[in-house]
Amino acid sequence: MNDKRWVFQTMPESTEVATLANAIGVDSSIAALLVQKGITDFDQAKNYFRPSLEDLHDPFLMKDMDKAVQRLWQSIQNQEEILIYGDYDVDGVTSVSLVYGFLKQYCDKLRFYIPDRYKEGYGVSKQAINWAIEIGISLIITLDCGIKATECIQQAQIAGIDVIVCDHHEPGEALPPAYAILDPKQKACLYPFKELSGCAVGFKLLQAFVLQQNISLDILYQYLDLVAISIACDLVPLTGENRILAYHGLKRLNNSPSFGIQAIIQVANLPWTLGISQLVFGLGPRLNAAGRVDHGSLAVKLLLAEDSVTASSLARQIEEKNGFRRYLDSTITAEALQLMKASDESLIAKTTVLFKEDWHKGVIGIVASRCIEHYYRPTIILTASGDKATGSARSVAGYNIYEAITSCSELLEQYGGHAHAAGLTLPLENIISFQERFEQVVSNTISQELLIPVQKIDLLLPLEKVTNKFYNILNQMAPFGNGNMRPVFATELVIATKYRILKENHLKLTVQEPASSICIDAIGFGLAKYAHLVCDRKPFKIAYTIERNNYQGQVNLQLNIKGLQPI
């Protein structure tokens, strides 16, 4: 932990902070956090603390939205066969559950399709298009995929099937020949918010449909729980429109959970009140597990379950799949780390690109993330898929791995993704050339400091400010997640008045600033090895978040230590 590079946010102008603090009646430290986020007046603060669905953007600002809605309405009126098509990850299955679940109220001839990760791979597949042609589909709505599916969409077009693409990934140089493309990242789209999840793009299509047909928005808002799950688990920024959707989606999730969500909470022993972190680390991996080790349609069936008995049965199946996923995850991670340790070249490289033909395709993305926890650098894990290699890429903070992969595109057959994560397919015979080329590209474009893990710190804070009132206001800045992280504070001179080691791994201590009598409890998970820094009342620095600890019915504030440094 003390090996991380501490990076302090720029402290805003004191006059701006004082003006905002007076306008909204908060402590200067709270005001400083808000100004850092670009919030400088009463109205902006109100919108931040009380996100309103009325502030959602007009969906018709999105390019092709009018065409998409008209085609959807036409297909419903003409009783055409409609196929809702989505990817097998959390964003994909929530997207399909949202659009299918909503539209089935207005359309009888509706089907959904999740591709098989192993037989079809990511995105729109030829197998799916062939099936759609066979059963007489007239309209396909792709969700969380399609922006690069030129060949398959052309196949559908030739067969007389219109395709509406709803995607949020980066487009390629040429767009597919779809009837309509909804993707705020396409160049000609003037939609003001570019960072929607795939499910949120599907939500915008339905919002436009509802507005056009004079349907109550409240009917659509019942599905905001699915949008919140997608936003959390796809790690899109919790800013702008995403923040509004996630805020109200969490309310829906916690106040009126669906049968499927209730069942998975119960089976997995998740807390009944879910925040973003519980979605990312609790609910999300389970919904993902269906597509990783079996088939993603299982997760869609759970989310669409209409009674508790069906939901409970599906939730137990998914929990079983998740157990197997965890076994694969730990086993393959151990093998990957062993491969890295066995190669001197690998240990000094600026990238990790590993291949083993029998690694399970469903968990290689997780394994890539695990490897970064040990060797902090852009990482790609590859496995065999037929006569090809398929892989998942994960990046380090501040480095665009999608651009690096694009620089190696001549060696690839297919790729797509974001700055922080991507997927790719290449011929087996190109693996060594790709490893060398990717290492060369990253070495030439990444700075040394980006290869050191970062601990971001928002503000310096005296411990006397850590009060219940301060915490209560801080907590109203939730939901916390990517783009709106829980604030991290630092106190630059503290001593431990007492400390102990818990379960051989964690550091429990009470800290105090030497010039103050105020003491506060703190916990450092996984920090027991740094006990030597805090013993004998040695002074040290701490970086931390503030939380409430409920232990045996006693509730008190506690610092969750993110880093320790000696003075």
Side-chain angles (χ1 to χ4, degrees), residues 88-95 97-98 101 197 199 222-236 238 245-294 296 298-330 362-363 365-366 369-370 475 478-482 485-486 523 525 545 547-553 555 558 560:
Y88 40 65
D89 68 1
V90 176
D91 198 7
V93 299
T94 52
S95 299
S97 302
L98 164 73
S197 67
C199 185
Q222 292 174 25
Y223 296 85
L224 280 174
D225 54 347
L226 297 171
V227 185
I229 293 168
S230 79
I231 288 169
C233 296
D234 214 55
L235 302 180
V236 291
L238 269 168
L245 294 167
Y247 179 88
H248 289 278
L250 280 170
K251 279 189 171 182
R252 178 79 195 174
L253 195 67
N254 289 317
N255 294 334
S256 304
S258 66
F259 288 114
I261 299 299
Q262 288 183 61
I264 204 73
I265 288 173
Q266 192 164 9
V267 166
N269 283 321
L270 298 176
W272 282 104
T273 300
L274 300 175
I276 294 294
S277 62
Q278 286 79 30
L279 299 185
V280 173
F281 299 110
L283 188 60
R286 289 168 168 84
L287 295 177
N288 257 332
R292 290 189 188 281
V293 301
D294 193 336
L298 188 64
V300 176
K301 289 173 184 175
L302 173 71
L303 294 173
L304 292 173
E306 295 182 346
D307 62 82
S308 57
V309 175
T310 302
S312 182
S313 172
L314 291 166
R316 285 195 297 271
Q317 291 178 55
I318 283 180
E319 187 64 12
E320 184 181 320
K321 309 295 180 195
N322 190 52
F324 182 50
R325 187 273 306 170
R326 291 171 68 179
Y327 163 76
L328 291 171
D329 170 8
S330 60
V363 298
I366 302 172
S369 297
R370 298 274 189 263
N475 219 34
F480 297 117
N482 183 32
M485 300 301 291
R486 185 178 292 276
I523 182 80
F525 292 105
T545 58
E547 61 183 32
R548 271 209 178 101
N549 181 41
N550 189 338
Y551 181 68
Q552 294 183 343
V555 180
Q558 175 177 266
N560 187 331

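- Applying the side chain to side chain donor-acceptor pair (under 3.5 Å) rule to S312 yields the partners R316; only residues at least two apart in sequence or on another chain are considered.
- Counting all heavy atoms, side chain and backbone alike, P479 lies closest to L250 at CB-CD1, 3.7 Å.
- Among residues two or more places apart in sequence or in another chain, the side chain to side chain contact (heavy atoms under 4.5 Å, CB included) test is passed with A228 by none.
- The two atoms that bring D91 and C199 nearest to each other are OD1-N, 2.9 Å, heavy atoms only.
- Applying the side chain to side chain donor-acceptor pair (under 3.5 Å) rule to E547 yields the partners Q558, N560; only residues at least two apart in sequence or on another chain are considered.
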Chi angles and distances behind the side-chain contact (heavy atoms from CB on, under 4.5 Å) call for R325, I366: CA-CA 10 Å; R325 187 273 306 170; I366 302 172; 3.5 Å; yes
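- Partners of S230 under the side chain to side chain donor-acceptor pair (under 3.5 Å) rule, at least two apart in sequence or in another chain, are S197.
- Qualifying salt bridge (charged side-chain N to carboxylate O under 4.0 Å, His left out) partners for D294, counting only residues two or more places apart in sequence or in other chains: K321.
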CA sep, side-chain torsions, deciding dist, call: L224, L245, side-chain contact (heavy atoms from CB on, under 4.5 Å): CA-CA 7 Å; L224 280 174; L245 294 167; 3.6 Å; yes
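- Contact detail for L304 and G101: the closest heavy-atom pair is CD2-CA, 3.8 Å.
- At least one side-chain heavy atom of N322 sits less than 4.5 Å from a side-chain heavy atom of P285.
- Shown here for Y223 and L98, the closest heavy-atom pair between the two residues is CB-CD1, 3.3 Å.
- Using a 4.5 Å heavy-atom cutoff, the side chains of V300 and Y88 are not in contact.
- Note on residues 268-288: pairs passing salt bridge (charged side-chain N to carboxylate O under 4.0 Å, His left out), not counting sequence neighbours, are R286-E319.
- Between the CG atom in L238 and the CD1 atom in I276 there is a gap of 5.0 Å [rounded to 0.5 Å].
- Not counting sequence neighbours, the partners of N288 by the side chain to side chain contact (heavy atoms under 4.5 Å, CB included) test are D89, V90, R292.
- Of the candidates L253, D225, I231, L270, L279 forms a side-chain contact (heavy atoms from CB on, under 4.5 Å) with just one, namely L253.
- Sorted by first and then second residue, the salt bridge (charged side-chain N to carboxylate O under 4.0 Å, His left out) pairs involving residues 249-264 (not counting sequence neighbours) form an empty list.
- The environment of R326 atom CZ is sparse: at most 12 non-hydrogen atoms of other residues, nucleotides or ligands sit within 6.0 angstrom.
- With sequence neighbours excluded, the residues forming a side chain to side chain contact (heavy atoms under 4.5 Å, CB included) with A263 are A311, A315, listed by chain and number.
- Among pairs with a residue in residues 302-315, those fulfilling salt bridge (charged side-chain N to carboxylate O under 4.0 Å, His left out) read K104-E306, at least two apart in sequence or across chains.
- Crowding of Q222 atom CD: a count of heavy atoms from other residues, nucleotides or ligands under 6.0 Å exceeding 12.
- Counting only heavy atoms from C-beta outward, the side chains of I261 and L283 approach each other to under 4.5 Å.
- Judged by distance alone, the side chain of N254 and the main-chain N or O of L274 form a donor-acceptor pair under 3.5 Å.
- Shown are L314, I318, V93; of these, the side-chain contact (heavy atoms from CB on, under 4.5 Å) with K301 is made only by L314.
- Contacts classified as side-chain hydrogen bond (donor to acceptor under 3.5 Å, both in side chains) and involving residues 258-280 (residues at least two apart or in different chains) are not found.
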